[in-house]
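Below is one structure, written out as C-alpha coordinates; comments come after it.
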Amino acid sequence: MADSAPASVLPDHGRLNIPLADIQAQDDIGRNCIEQGRYLARQDRWAELSDLMRTADESRETAPDGMPIAELLAFGARADVVLAAEHALSDAMALSEFDVLSGISELEDEMRAYAEDPMIALVVALAHIDLAWAWRGTSNDATLPALHQSRCAAHFDRAAAILPKCRAAAASSPIIASACCALLAGQRKAHTRVAGEYERLIELDPLNQRHMRALGTHLLPRWFGTYDELEVHALRIAARTQQTWGAGGYTWVQFDAIALDAEACAQLDVDYFLEGMHDILHRRPDQQTVNMLSAYCATTIQKGTGQNEKADAVRNQIHDAAHWLIRDHLTELHPLIWAHAANGFNNSVRISSPERFAARGQRDALRAIGDLFRDELRSGLDVTFTPTGLRLSGH
(Lines give C-alpha, C1' and ligand atoms only; values in the text may rest on other atoms or scores of the structure.)
Protein backbone atom coordinates (compact mmCIF):
# COMPACT_ATOMS: atom_id res chain seq x y z
CA MET A 1 0.00 0.00 0.00
CA ALA A 2 1.13 3.52 -0.79
CA ASP A 3 0.90 6.30 1.73
CA SER A 4 -1.73 8.82 0.66
CA ALA A 5 0.55 11.72 1.58
CA PRO A 6 2.64 12.53 -1.50
CA ALA A 7 6.33 13.19 -1.44
CA SER A 8 6.76 16.62 -2.99
CA VAL A 9 9.62 18.86 -3.97
CA LEU A 10 9.43 22.26 -5.57
CA PRO A 11 12.30 22.68 -8.02
CA ASP A 12 11.78 26.05 -9.71
CA HIS A 13 8.07 26.23 -10.56
CA GLY A 14 6.33 22.87 -10.95
CA ARG A 15 5.63 20.34 -8.22
CA LEU A 16 6.71 16.72 -8.16
CA ASN A 17 4.18 14.49 -6.40
CA ILE A 18 4.65 10.78 -5.83
CA PRO A 19 2.99 8.49 -3.26
CA LEU A 20 5.29 6.81 -0.74
CA ALA A 21 5.04 3.07 -0.22
CA ASP A 22 4.33 1.93 3.32
CA ILE A 23 7.94 1.31 4.36
CA GLN A 24 6.99 0.13 7.82
CA ALA A 25 4.71 -2.68 6.61
CA GLN A 26 7.30 -3.98 4.14
CA ASP A 27 10.16 -3.80 6.62
CA ASP A 28 8.09 -5.44 9.34
CA ILE A 29 7.63 -8.67 7.36
CA GLY A 30 11.34 -9.44 7.33
CA ARG A 31 11.92 -8.18 10.86
CA ASN A 32 9.00 -10.21 12.25
CA CYS A 33 10.32 -13.39 10.63
CA ILE A 34 13.75 -12.84 12.19
CA GLU A 35 12.19 -12.20 15.60
CA GLN A 36 10.00 -15.28 15.26
CA GLY A 37 13.06 -17.43 14.58
CA ARG A 38 14.90 -15.86 17.54
CA TYR A 39 11.91 -16.38 19.87
CA LEU A 40 11.43 -20.04 18.95
CA ALA A 41 15.14 -20.77 19.46
CA ARG A 42 15.13 -19.01 22.85
CA GLN A 43 12.10 -21.06 23.89
CA ASP A 44 13.71 -24.30 22.68
CA ARG A 45 10.80 -24.81 20.29
CA TRP A 46 13.08 -26.27 17.63
CA ALA A 47 10.55 -28.68 16.12
CA GLU A 48 8.17 -25.77 15.53
CA LEU A 49 10.95 -23.69 13.98
CA SER A 50 11.92 -26.57 11.70
CA ASP A 51 8.32 -27.00 10.49
CA LEU A 52 8.02 -23.28 9.70
CA MET A 53 11.35 -23.25 7.85
CA ARG A 54 10.50 -26.36 5.84
CA THR A 55 7.06 -25.03 4.86
CA ALA A 56 8.45 -21.64 3.80
CA ASP A 57 11.30 -23.31 1.90
CA GLU A 58 9.05 -25.73 0.04
CA SER A 59 6.66 -22.93 -0.99
CA ARG A 60 9.59 -20.61 -1.97
CA GLU A 61 7.98 -17.91 0.18
CA THR A 62 9.82 -14.57 0.27
CA ALA A 63 9.64 -11.18 1.96
CA PRO A 64 8.85 -8.19 -0.32
CA ASP A 65 12.57 -7.66 -1.02
CA GLY A 66 12.97 -11.25 -2.26
CA MET A 67 14.71 -12.60 0.84
CA PRO A 68 13.47 -16.17 1.45
CA ILE A 69 11.34 -16.43 4.60
CA ALA A 70 13.12 -19.67 5.54
CA GLU A 71 16.46 -17.82 5.54
CA LEU A 72 15.06 -15.05 7.75
CA LEU A 73 13.77 -17.61 10.28
CA ALA A 74 17.14 -19.37 10.23
CA PHE A 75 18.95 -16.07 10.79
CA GLY A 76 16.77 -15.29 13.80
CA ALA A 77 17.38 -18.74 15.27
CA ARG A 78 21.17 -18.26 15.31
CA ALA A 79 21.23 -14.50 15.84
CA ASP A 80 21.91 -14.56 19.60
CA VAL A 81 24.94 -16.81 19.16
CA VAL A 82 26.38 -14.95 16.18
CA LEU A 83 25.78 -11.42 17.47
CA ALA A 84 27.35 -12.25 20.85
CA ALA A 85 30.46 -13.55 19.10
CA GLU A 86 30.61 -10.54 16.75
CA HIS A 87 30.37 -8.19 19.73
CA ALA A 88 33.14 -10.01 21.60
CA LEU A 89 35.39 -10.02 18.54
CA SER A 90 34.94 -6.28 18.10
CA ASP A 91 36.00 -5.61 21.69
CA ALA A 92 39.21 -7.13 23.06
CA MET A 93 38.04 -6.70 26.67
CA ALA A 94 34.74 -8.45 25.96
CA LEU A 95 36.57 -11.23 24.09
CA SER A 96 38.77 -12.01 27.09
CA GLU A 97 35.63 -12.62 29.19
CA PHE A 98 33.59 -14.41 26.53
CA ASP A 99 33.49 -18.13 25.92
CA VAL A 100 33.44 -18.03 22.11
CA LEU A 101 32.44 -21.70 21.87
CA SER A 102 29.59 -21.77 24.39
CA GLY A 103 26.84 -20.54 22.08
CA ILE A 104 27.74 -22.69 19.11
CA SER A 105 28.14 -25.71 21.43
CA GLU A 106 24.54 -25.26 22.56
CA LEU A 107 23.42 -25.17 18.93
CA GLU A 108 25.43 -28.32 18.24
CA ASP A 109 23.61 -30.00 21.18
CA GLU A 110 20.26 -29.15 19.58
CA MET A 111 21.45 -30.60 16.28
CA ARG A 112 22.32 -33.87 18.04
CA ALA A 113 18.92 -33.89 19.76
CA TYR A 114 17.23 -33.56 16.35
CA ALA A 115 19.67 -35.78 14.50
CA GLU A 116 17.36 -36.49 11.56
CA ASP A 117 16.23 -32.90 11.01
CA PRO A 118 18.04 -31.12 8.13
CA MET A 119 16.57 -27.69 9.03
CA ILE A 120 18.07 -27.68 12.54
CA ALA A 121 21.40 -28.89 11.14
CA LEU A 122 21.23 -26.11 8.56
CA VAL A 123 20.85 -23.44 11.28
CA VAL A 124 24.01 -24.81 12.93
CA ALA A 125 25.94 -24.89 9.63
CA LEU A 126 24.91 -21.29 8.85
CA ALA A 127 25.96 -20.22 12.35
CA HIS A 128 29.41 -21.72 11.70
CA ILE A 129 29.65 -19.80 8.40
CA ASP A 130 28.69 -16.56 10.18
CA LEU A 131 31.23 -17.21 12.92
CA ALA A 132 33.92 -17.93 10.33
CA TRP A 133 33.30 -14.50 8.79
CA ALA A 134 33.26 -12.91 12.25
CA TRP A 135 36.76 -14.30 12.93
CA ARG A 136 37.86 -13.33 9.42
CA GLY A 137 36.72 -9.73 9.81
CA THR A 138 37.81 -7.26 7.15
CA SER A 139 41.56 -7.96 7.38
CA ASN A 140 43.47 -9.46 4.51
CA ASP A 141 45.30 -12.78 4.88
CA ALA A 142 48.64 -11.08 5.49
CA THR A 143 47.45 -9.11 8.54
CA LEU A 144 44.98 -11.62 10.03
CA PRO A 145 46.32 -13.03 13.33
CA ALA A 146 47.09 -16.77 13.35
CA LEU A 147 44.36 -17.49 15.93
CA HIS A 148 41.75 -15.73 13.77
CA GLN A 149 42.90 -17.63 10.68
CA SER A 150 42.66 -21.00 12.39
CA ARG A 151 39.26 -20.29 14.00
CA CYS A 152 37.89 -19.00 10.69
CA ALA A 153 39.08 -22.14 8.88
CA ALA A 154 37.73 -24.41 11.62
CA HIS A 155 34.23 -22.92 11.42
CA PHE A 156 34.16 -23.19 7.63
CA ASP A 157 35.36 -26.80 7.91
CA ARG A 158 32.64 -27.62 10.43
CA ALA A 159 29.96 -26.13 8.17
CA ALA A 160 31.40 -28.16 5.28
CA ALA A 161 31.04 -31.33 7.37
CA ILE A 162 27.39 -30.62 8.27
CA LEU A 163 25.93 -29.45 4.95
CA PRO A 164 26.27 -32.71 2.93
CA LYS A 165 24.02 -34.42 5.51
CA CYS A 166 21.47 -31.64 5.10
CA ARG A 167 21.58 -32.00 1.33
CA ALA A 168 21.22 -35.79 1.51
CA ALA A 169 18.11 -35.38 3.70
CA ALA A 170 16.51 -32.58 1.61
CA ALA A 171 17.94 -32.68 -1.89
CA SER A 172 15.42 -30.25 -3.37
CA SER A 173 15.69 -27.57 -0.67
CA PRO A 174 16.66 -24.10 -1.97
CA ILE A 175 17.78 -22.88 1.47
CA ILE A 176 20.23 -25.79 1.77
CA ALA A 177 21.50 -25.24 -1.78
CA SER A 178 21.92 -21.54 -0.93
CA ALA A 179 23.97 -22.43 2.16
CA CYS A 180 26.21 -24.64 0.03
CA CYS A 181 26.86 -21.61 -2.19
CA ALA A 182 27.55 -19.42 0.86
CA LEU A 183 30.10 -21.98 2.04
CA LEU A 184 32.10 -21.66 -1.19
CA ALA A 185 33.37 -18.22 -0.22
CA GLY A 186 35.38 -19.79 2.57
CA GLN A 187 36.86 -22.61 0.53
CA ARG A 188 40.06 -21.98 -1.40
CA LYS A 189 39.37 -24.72 -3.93
CA ALA A 190 35.86 -23.55 -4.73
CA HIS A 191 36.73 -22.18 -8.19
CA THR A 192 35.72 -25.28 -10.13
CA ARG A 193 32.45 -25.73 -8.24
CA VAL A 194 30.99 -22.27 -7.91
CA ALA A 195 29.04 -22.15 -11.20
CA GLY A 196 27.72 -25.68 -10.74
CA GLU A 197 26.53 -25.01 -7.18
CA TYR A 198 24.77 -21.81 -8.19
CA GLU A 199 23.19 -23.38 -11.27
CA ARG A 200 21.77 -26.09 -9.05
CA LEU A 201 20.31 -23.46 -6.69
CA ILE A 202 18.84 -21.45 -9.59
CA GLU A 203 17.26 -24.60 -11.00
CA LEU A 204 15.59 -25.25 -7.63
CA ASP A 205 14.39 -21.65 -7.22
CA PRO A 206 14.38 -19.86 -10.60
CA LEU A 207 11.91 -17.18 -9.52
CA ASN A 208 14.32 -15.64 -7.00
CA GLN A 209 16.64 -13.18 -8.73
CA ARG A 210 18.97 -12.98 -5.71
CA HIS A 211 20.58 -16.32 -6.61
CA MET A 212 21.43 -15.21 -10.17
CA ARG A 213 22.87 -11.93 -8.92
CA ALA A 214 25.07 -13.74 -6.39
CA LEU A 215 26.35 -16.07 -9.12
CA GLY A 216 27.42 -13.08 -11.23
CA THR A 217 29.26 -11.47 -8.33
CA HIS A 218 31.12 -14.68 -7.50
CA LEU A 219 32.16 -15.15 -11.15
CA LEU A 220 34.15 -11.90 -11.06
CA PRO A 221 37.95 -12.33 -11.06
CA ARG A 222 38.10 -10.93 -7.49
CA TRP A 223 36.23 -14.07 -6.40
CA PHE A 224 36.23 -17.32 -8.37
CA GLY A 225 35.80 -16.57 -12.06
CA THR A 226 36.89 -14.65 -15.12
CA TYR A 227 35.17 -12.11 -17.34
CA ASP A 228 34.69 -14.78 -20.00
CA GLU A 229 33.11 -17.14 -17.49
CA LEU A 230 30.78 -14.39 -16.30
CA GLU A 231 29.54 -13.80 -19.86
CA VAL A 232 29.25 -17.50 -20.70
CA HIS A 233 27.29 -18.33 -17.54
CA ALA A 234 25.06 -15.26 -17.87
CA LEU A 235 24.07 -16.49 -21.35
CA ARG A 236 23.71 -20.04 -20.04
CA ILE A 237 21.42 -18.98 -17.18
CA ALA A 238 19.35 -16.90 -19.60
CA ALA A 239 18.84 -19.99 -21.75
CA ARG A 240 17.99 -22.18 -18.76
CA THR A 241 15.51 -19.68 -17.26
CA GLN A 242 13.99 -18.59 -20.57
CA GLN A 243 10.49 -19.76 -19.56
CA THR A 244 10.66 -17.79 -16.31
CA TRP A 245 12.54 -14.61 -17.23
CA GLY A 246 12.98 -14.41 -21.01
CA ALA A 247 16.33 -12.67 -21.51
CA GLY A 248 16.13 -11.50 -17.88
CA GLY A 249 18.45 -14.25 -16.64
CA TYR A 250 21.33 -12.55 -18.45
CA THR A 251 20.44 -9.23 -16.84
CA TRP A 252 20.20 -10.66 -13.33
CA VAL A 253 23.55 -12.48 -13.52
CA GLN A 254 25.27 -9.30 -14.75
CA PHE A 255 23.29 -6.94 -12.50
CA ASP A 256 25.64 -6.58 -9.50
CA ALA A 257 28.79 -7.74 -11.29
CA ILE A 258 28.88 -4.81 -13.73
CA ALA A 259 28.13 -2.32 -10.94
CA LEU A 260 31.12 -3.66 -8.99
CA ASP A 261 33.64 -4.10 -11.83
CA ALA A 262 34.40 -1.62 -14.61
CA GLU A 263 35.95 -4.24 -16.92
CA ALA A 264 32.90 -6.52 -16.57
CA CYS A 265 30.78 -3.48 -17.43
CA ALA A 266 32.96 -2.66 -20.47
CA GLN A 267 32.50 -6.20 -21.84
CA LEU A 268 28.71 -6.31 -21.33
CA ASP A 269 26.33 -7.06 -24.21
CA VAL A 270 24.34 -3.96 -23.32
CA ASP A 271 21.56 -4.51 -25.89
CA TYR A 272 20.85 -7.98 -24.53
CA PHE A 273 21.06 -6.64 -20.94
CA LEU A 274 18.40 -4.01 -21.74
CA GLU A 275 16.25 -6.55 -23.56
CA GLY A 276 16.43 -8.62 -20.37
CA MET A 277 15.29 -5.62 -18.35
CA HIS A 278 12.17 -5.32 -20.52
CA ASP A 279 11.52 -9.04 -20.09
CA ILE A 280 11.88 -8.79 -16.30
CA LEU A 281 9.35 -5.96 -16.17
CA HIS A 282 6.96 -7.83 -18.45
CA ARG A 283 6.97 -10.74 -15.99
CA ARG A 284 7.26 -8.71 -12.77
CA PRO A 285 5.44 -5.39 -13.26
CA ASP A 286 5.09 -4.83 -9.48
CA GLN A 287 6.35 -1.59 -7.97
CA GLN A 288 9.04 -3.37 -5.93
CA THR A 289 10.70 -4.45 -9.19
CA VAL A 290 10.06 -1.13 -10.96
CA ASN A 291 11.70 0.81 -8.12
CA MET A 292 14.65 -1.58 -8.00
CA LEU A 293 15.38 -1.34 -11.73
CA SER A 294 14.76 2.43 -11.78
CA ALA A 295 17.07 3.05 -8.82
CA TYR A 296 19.72 0.78 -10.32
CA CYS A 297 19.68 2.65 -13.64
CA ALA A 298 19.40 6.11 -12.09
CA THR A 299 22.03 5.76 -9.34
CA THR A 300 23.80 2.41 -8.85
CA ILE A 301 25.22 2.06 -12.35
CA GLN A 302 26.74 5.56 -12.21
CA LYS A 303 29.19 4.62 -9.44
CA GLY A 304 32.76 4.36 -10.68
CA THR A 305 32.20 6.56 -13.72
CA GLY A 306 35.39 8.03 -15.20
CA GLN A 307 37.72 5.04 -14.81
CA ASN A 308 37.04 3.16 -18.03
CA GLU A 309 35.82 4.85 -21.21
CA LYS A 310 34.15 1.76 -22.65
CA ALA A 311 32.44 1.01 -19.35
CA ASP A 312 31.20 4.60 -19.18
CA ALA A 313 29.53 4.23 -22.58
CA VAL A 314 27.72 1.13 -21.30
CA ARG A 315 26.79 2.88 -18.05
CA ASN A 316 25.28 5.79 -19.98
CA GLN A 317 23.07 3.48 -22.03
CA ILE A 318 21.83 1.75 -18.89
CA HIS A 319 21.38 5.09 -17.13
CA ASP A 320 19.19 6.25 -20.03
CA ALA A 321 16.82 3.34 -19.33
CA ALA A 322 15.78 5.16 -16.15
CA HIS A 323 13.77 7.50 -18.41
CA TRP A 324 11.31 4.92 -19.71
CA LEU A 325 11.30 2.93 -16.47
CA ILE A 326 10.23 5.93 -14.40
CA ARG A 327 8.00 7.64 -16.96
CA ASP A 328 6.17 4.51 -18.10
CA HIS A 329 6.11 2.23 -15.05
CA LEU A 330 6.65 4.01 -11.72
CA THR A 331 3.53 4.77 -9.64
CA GLU A 332 4.90 4.93 -6.09
CA LEU A 333 8.22 5.44 -4.34
CA HIS A 334 10.00 2.76 -2.24
CA PRO A 335 12.64 4.80 -0.36
CA LEU A 336 14.49 1.82 1.16
CA ILE A 337 15.18 0.40 -2.31
CA TRP A 338 16.66 3.72 -3.45
CA ALA A 339 18.78 3.90 -0.28
CA HIS A 340 20.13 0.39 -0.93
CA ALA A 341 20.77 1.34 -4.56
CA ALA A 342 23.09 4.13 -3.43
CA ASN A 343 25.14 1.48 -1.60
CA GLY A 344 25.26 -0.74 -4.68
CA PHE A 345 22.66 -3.07 -3.10
CA ASN A 346 25.33 -4.18 -0.62
CA ASN A 347 23.50 -6.50 1.77
CA SER A 348 26.26 -6.34 4.36
CA VAL A 349 25.70 -2.63 5.05
CA ARG A 350 24.67 -2.22 8.69
CA ILE A 351 21.70 0.13 9.04
CA SER A 352 21.59 1.80 12.45
CA SER A 353 18.41 3.75 11.72
CA PRO A 354 15.96 2.44 9.06
CA GLU A 355 14.11 5.76 9.24
CA ARG A 356 17.20 7.85 8.42
CA PHE A 357 18.24 5.32 5.78
CA ALA A 358 14.80 5.53 4.14
CA ALA A 359 14.84 9.35 4.32
CA ARG A 360 18.15 9.38 2.46
CA GLY A 361 16.71 7.05 -0.18
CA GLN A 362 13.70 9.33 -0.55
CA ARG A 363 15.95 12.36 -1.11
CA ASP A 364 18.04 10.46 -3.67
CA ALA A 365 14.94 9.31 -5.52
CA LEU A 366 13.30 12.74 -5.62
CA ARG A 367 16.53 14.29 -6.87
CA ALA A 368 16.88 11.67 -9.64
CA ILE A 369 13.24 11.91 -10.67
CA GLY A 370 13.37 15.72 -10.49
CA ASP A 371 16.37 15.72 -12.84
CA LEU A 372 14.46 13.51 -15.25
CA PHE A 373 11.53 15.93 -15.38
CA ARG A 374 13.60 19.11 -15.17
CA ASP A 375 12.16 20.63 -18.37
CA GLU A 376 8.54 19.98 -17.40
CA LEU A 377 9.03 21.31 -13.87
CA ARG A 378 10.83 24.43 -15.10
CA SER A 379 8.01 25.16 -17.49
CA GLY A 380 5.62 25.21 -14.52
CA LEU A 381 4.02 21.80 -14.97
CA ASP A 382 3.14 19.61 -11.99
CA VAL A 383 4.42 16.05 -12.36
CA THR A 384 2.13 13.63 -10.52
CA PHE A 385 2.49 9.85 -10.29
CA THR A 386 -0.81 8.03 -9.88
CA PRO A 387 -1.82 4.33 -9.70
CA THR A 388 -2.89 4.57 -13.35
CA GLY A 389 0.23 6.34 -14.58
CA LEU A 390 1.96 9.66 -14.94
CA ARG A 391 -0.02 12.91 -15.09
CA LEU A 392 1.36 16.31 -16.19
CA SER A 393 -0.75 19.36 -15.39
CA GLY A 394 -0.49 23.12 -15.25
CA HIS A 395 -1.39 25.27 -12.23
Side-chain angles (χ1 to χ4, degrees), residues 27 30-46 48-50 52-53 56-57 63 65 67-114 117-139 144-145 147-163 166 175-176 178-187 210 214 346-352 354:
D27 207 34
R31 194 173 292 144
N32 290 344
C33 289
I34 292 170
E35 287 309 313
Q36 187 177 21
R38 191 194 303 253
Y39 173 77
L40 292 172
R42 286 175 174 174
Q43 300 298 313
D44 289 329
R45 289 159 62 177
W46 291 95
E48 194 177 333
L49 172 71
S50 173
L52 285 173
M53 285 175 60
D57 193 40
D65 65 355
M67 179 63 80
I69 297 296
E71 289 196 21
L72 293 166
L73 290 165
F75 178 76
R78 66 188 191 274
D80 285 346
V81 171
V82 173
L83 293 175
E86 286 181 347
H87 170 69
L89 286 164
S90 69
D91 181 342
M93 183 69 76
L95 183 58
S96 66
E97 300 169 4
F98 179 71
D99 181 352
V100 287
L101 294 177
S102 64
I104 195 67
S105 297
E106 288 175 17
L107 286 183
E108 292 264 1
D109 289 343
E110 298 298 342
M111 182 173 70
R112 281 187 284 275
Y114 295 89
D117 193 319
M119 292 293 136
I120 305 303
L122 175 69
V123 171
V124 181
L126 289 169
H128 277 292
I129 292 172
D130 289 341
L131 291 173
W133 283 115
W135 280 102
R136 179 76 177 76
T138 54
S139 304
L144 193 64
L147 172 67
H148 287 239
Q149 285 185 23
S150 64
R151 290 283 172 87
C152 173
H155 282 298
F156 274 128
D157 288 347
R158 182 61 183 141
I162 296 169
L163 282 172
C166 299
I175 190 176
I176 291 171
S178 177
C180 291
C181 291
L183 178 64
L184 292 172
Q187 297 183 311
R210 284 173 170 264
N346 179 359
N347 293 329
S348 67
V349 171
R350 292 287 169 95
I351 300 163
S352 55

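Side chains are part of it too, since the values below use all heavy atoms of this structure and drop only hydrogens, waters and symmetry mates. From a predicted model like this one, the values you see are computed outputs, not experimental measurements.
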Does the side chain of Leu163 come within less than 4.5 Å of Leu122's, by heavy atoms? yes
Results of side chain to side chain donor-acceptor pair (under 3.5 Å) for Gln36 - residues two or more places apart only: none
Pairwise distance SG(Cys33) to CE(Met67) - rounded to 0.5 angstrom: 11.0 Å
Measuring only between side-chain heavy atoms, which start at C-beta, is Pro118 closer than 4.5 Å to Ile176? yes
Ile129 and Ala179 have their tightest heavy-atom pair at CD1-O, 4.0 Å
Over all atoms of both residues, closest heavy-atom pair of Ile175 and Asp57: N-OD1, 3.1 Å
Rounded to the nearest 0.5 Å, what separates atom CG in Asp157 from atom SG in Cys152? 9.5 Å
Tell me which pairs pass salt bridge (Lys or Arg N to Asp or Glu O under 4.0 Å) where either residue lies in residues 117-127, with sequence neighbours left out. Arg54-Asp117
Roughly how far apart are Phe156 CZ and Arg151 CZ, rounded to 0.5 Å? 15.0 Å
The side chain to side chain contact (heavy atoms under 4.5 Å, CB included) partners of Ala214 (sequence neighbours excluded) come to Tyr198
Over 60° means perpendicular and under 30° means parallel, so tell me whether His155 and His128 are parallel, tilted or perpendicular. tilted
Using a 4.5 Å cut-off on heavy atoms from C-beta on, say whether the side chain of Met119 contacts that of Leu73. no
Could you tell me which residues satisfy salt bridge (charged side-chain N to carboxylate O under 4.0 Å, His left out) with Arg45, sequence neighbours excluded, listed by chain and number? Glu48
Ala125 and Ala159: which non-hydrogen atoms are nearest, and at how many Å? O-CB, 3.6 Å
Closest heavy-atom pair and its distance - Ser105, Arg112: O-NH2, 4.4 Å
Residues 77-85, side-chain donor-acceptor partners within the protein, below 3.5 Å, at least two apart:
residue : atom : partner : partner atom : Å
Arg78   : NE   : Asp130  : OD2          : 2.5
Arg78   : NH1  : Ala74   : O            : 3.1
Arg78   : NH2  : Asp130  : OD2          : 3.2
Asp80   : OD1  : Arg38   : NH1          : 3.0
Asp80   : OD1  : Arg42   : NH2          : 3.0
Asp80   : OD2  : Arg42   : NE           : 2.7
Asp80   : OD2  : Arg42   : NH2          : 3.4

Between Ile104 and Ala127, which heavy-atom pair has the shortest distance, and what is it? CD1-CB, 3.7 Å
So, for Gly30 and Leu72, which heavy atoms are closest and what is the spacing to 0.1 Å? CA-CD1, 3.8 Å
When rounded to the nearest 0.5 angstrom, what distance separates CG in Leu52 from CD1 in Ile69? 10.5 Å
Within the 4.5 Å heavy-atom criterion, are Leu131 and Arg158 side-chain neighbours or not? no
I want to check something: taking the side chain as every heavy atom from C-beta on, are His148 and Leu89 in contact at a cut-off of under 4.5 Å? yes
Contacts of Asp44 that satisfy side chain to side chain contact (heavy atoms under 4.5 Å, CB included) - sequence neighbours left out: Trp46, Glu110
A side-chain contact here means heavy atoms from C-beta on lying under 4.5 Å apart; do Trp135 and Leu144 qualify? no
